Amino acid sequence: MLTLKIIREQTATVLERLTVKGVDAKNTVNEIIAVDDERKAVQTALDANLAQQNATAKEIGLLMKQGSKDAAEAAKNKVAELKKESAGLEQKLAAAEQKLNEKIVLLPNLPSTQVPAGKTPEDNVVVREGGAMPTLIANAVPHWDLAKKYDIIDFELGNKLTGAGFPVYKGKGAKLQRALISFFLDENTAAGYNEVLPPHMVNADSGFGTGQLPDKEGQMYHATADDFYLIPTAEVPVTNIYRDVILNPSDLPIKLTAYTPCFRREAGSYGKDVRGLNRLHQFDKVEIVRFELPEHSYAALDGMVAHVENIVKKLELPYRILKLCGGDMSFTSALTFDFEVYSAAQQKWLEVSSVSNFESFQANRLKCRYRTEDKKTQLVHTLNGSSLALPRIVAALLENNQTENGIRIPEALRKYTGFEYI
RNA sequence: GGAGAGGUGGCCGAGUGGUCGAAGGCGCACGCCUGGAAAGUGUGUAUGCUCCAAAAGGGCAUCAUGGGUUCGAAUCCCAUCCUCUCCGCCA
């Protein structure tokens with residue numbers, strides 16, 4: 001969430017930036033400032049009251065020792081009155097704080113100045129393309145047919161075991177998953193990312209920390225008996241490692257990578273574009289997460305994009321990198337680059353990675369700070385990206401590399417799969 | 001799951017109703033000492049909110065979390081969470 005400081009001190013900039021995301025926040029911002037003024041006034045009044053209570057309570061101790069019972073009784077009555085007033089003020093304060101919080105979480109992150117204007121995915125800007133478009137064999141088919149033909153991914157069986165969107169990978173299909181995970185993790189660790197294997201369920205505090213709660217609650221699977229949530233991405237547990245932590249500047253940057261399965265209810269997205277591997281309820285993903293000094297975060301973002309690009313190249317897939325326009329960006333992001341690979345048999349670009357700088361938006365929720373030279377605390381910048389998500393990579397690999405003799409495995413993966421063809 | 005013990009600052013640890021944001025130690029920072037270092041020695045060392053134009057300096061809150069008792073709570077009571085020990089179950 002945005003800091004009160006920036007909302008109050010740079011109101012015009014905030015409003016102007018938010019229009020890039022298609023948000024008119026004028027009313028909300030005005031309300032926030034008004035509620036905050038009230039909050040401060042109540043806070044000050046309450047503090048004064050409490051100070052008097054504390055002082056009087058101390059006096060009572062002395063009076064008792066001196067044996068001045070009457071004076072002590074009088075002081076007790078005074079405190080009782082003050083307490084009543086304080087109780088009222090406390091309620092007011094709590095109400096103001098709650099209202100303030102409700103308003104402030106409605107504001108999305110400010111898009112960086114690099115973000116192109118636009119409302120829909122058509123307005124995204126292609127910043128780079130690479131990789132050769134494959135020449136498909138005559139009777140090329142989409143990946144769901146290939147999955148069946150080679151018996152490597154069983155959607156029906158997953159349906160029986162769990163439900164739609166939970167495929168069973170079999171034989172070389174299962175091995176391919178494991179190969180991709182190892183390949184991605186090795187690439188990431190070679191680039192200096194420290195591997196972690198986090199829990200696949202998180203508590204509500206972690207959900208709040210990265211912003212899944214409260215607004216996206218319906219998108220997560222919720223284990224109600226223990227109030228745990230299945231993670232929709234490794235970003236959640238990994239980023240929360242540094243929740244409520246004050247770092248030293250020398251600790252930064254922190255670069256982490258994690259493989260986890262991801263669980264998404266995808267409520268409301270039935271029907272379109274969900275065939276085969278295109279959209280699943282459970283899928284595997286390797287994530288990279290960084291914590292940076294504010295002055296370094298955009299250089300870090302560029303580095304992450306270059307890193308992911310390098311991996312996609314090694315997989316020999318045709319790809320393009322998009323800079324998302326204001327209207328297509330997520331609520332929390334300041335700047336996002338999406339990676340898409342071309343899935344030749346579907347004749348469709350598939351999003352396989354999203355790399356974002358959140359600046360201090362997430363850190364403000366997480367309370368992840370660092371100590372500056374002059375001993376003050378300041379919010380860090382957080383970034384993350386998929387490096388990479390498996391299913392659509394698999395879809396593209398299967399479709400683009402189908403031959404008369406089976407599906408060709410790209411060179412870089414062979415030492416992980418142990419086979420060259422499926 | 002049952003029984004018991006416990007959760008205090010970056011860490012260890014004292015504190016069972018007032019003078020406690022909290023002794024002492026370790027660590028860390030800066031200084032003194034030293035040719036340099038170690039040892040020694042001095043000072044400082046939580047976070048959030050708030051008052052103040054700002055600094056200096058005040059105020060409030062925080063001793064797992066949330067409630068309660070009391071004029072006054074780290075300390076007493078209740079609930080929740082967590083940790084440890086034993087038993088049970090178990091990959």
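Numbered from 1 within each chain, the chains take letters A, B, ... in sequence-line order. Note that this is a predicted model, so its numbers are computed, not measured.
Of the two residues near RNA chain B, Lys58(A) and Leu46(A), the one whose nearest nucleotide lies more 5' is Lys58(A).
Between Lys21(A) and the choices Val115(A), Asn109(A), Leu110(A), the side-chain contact (heavy atoms from CB on, under 4.5 Å) rule is met once, by Asn109(A).
Within the 4.0 Å cut-off from OP1 or OP2 of rG72(B), at least one side-chain nitrogen or oxygen of Lys83(A) is found. OP1 or OP2 of rU47(B) has not a single side-chain nitrogen or oxygen of Arg369(A) nearer than 4.0 Å. Of the side-chain N and O atoms in Thr44(A), none sit less than 4.0 angstrom from OP1 or OP2 of rC49(B). Phosphate contact (OP1/OP2 of rC60(B), side-chain N/O of Asn54(A), threshold under 4.0 Å): present.
Nucleotides rA74(B) and rA46(B) are separated by 16 Å at their C1' atoms, to the nearest Å. rC84(B) sits 14 Å from rU8(B) when the P atoms are compared, rounded to a whole Å. Annotation: rU85(B) and rU75(B) have their C1' atoms spaced 25 Å apart (nearest Å).
Annotation: cation-pi geometry satisfied between Lys255(A) and Tyr193(A) (NZ/CZ under 6.0 angstrom from ring centroid, within 45° of ring axis).
Looking at residues 221-232 of chain A, you'll see that no heavy atom sits under 4.0 Å from any atom of RNA chain B.
Residue contacts shown for Ala75(A) are absent, as no nucleic acid heavy atom lies under 4.0 Å away.
Listed nucleotides: rU47(B), rC49(B), rC71(B). Nearest to the side chain of Gln43(A): rC49(B).
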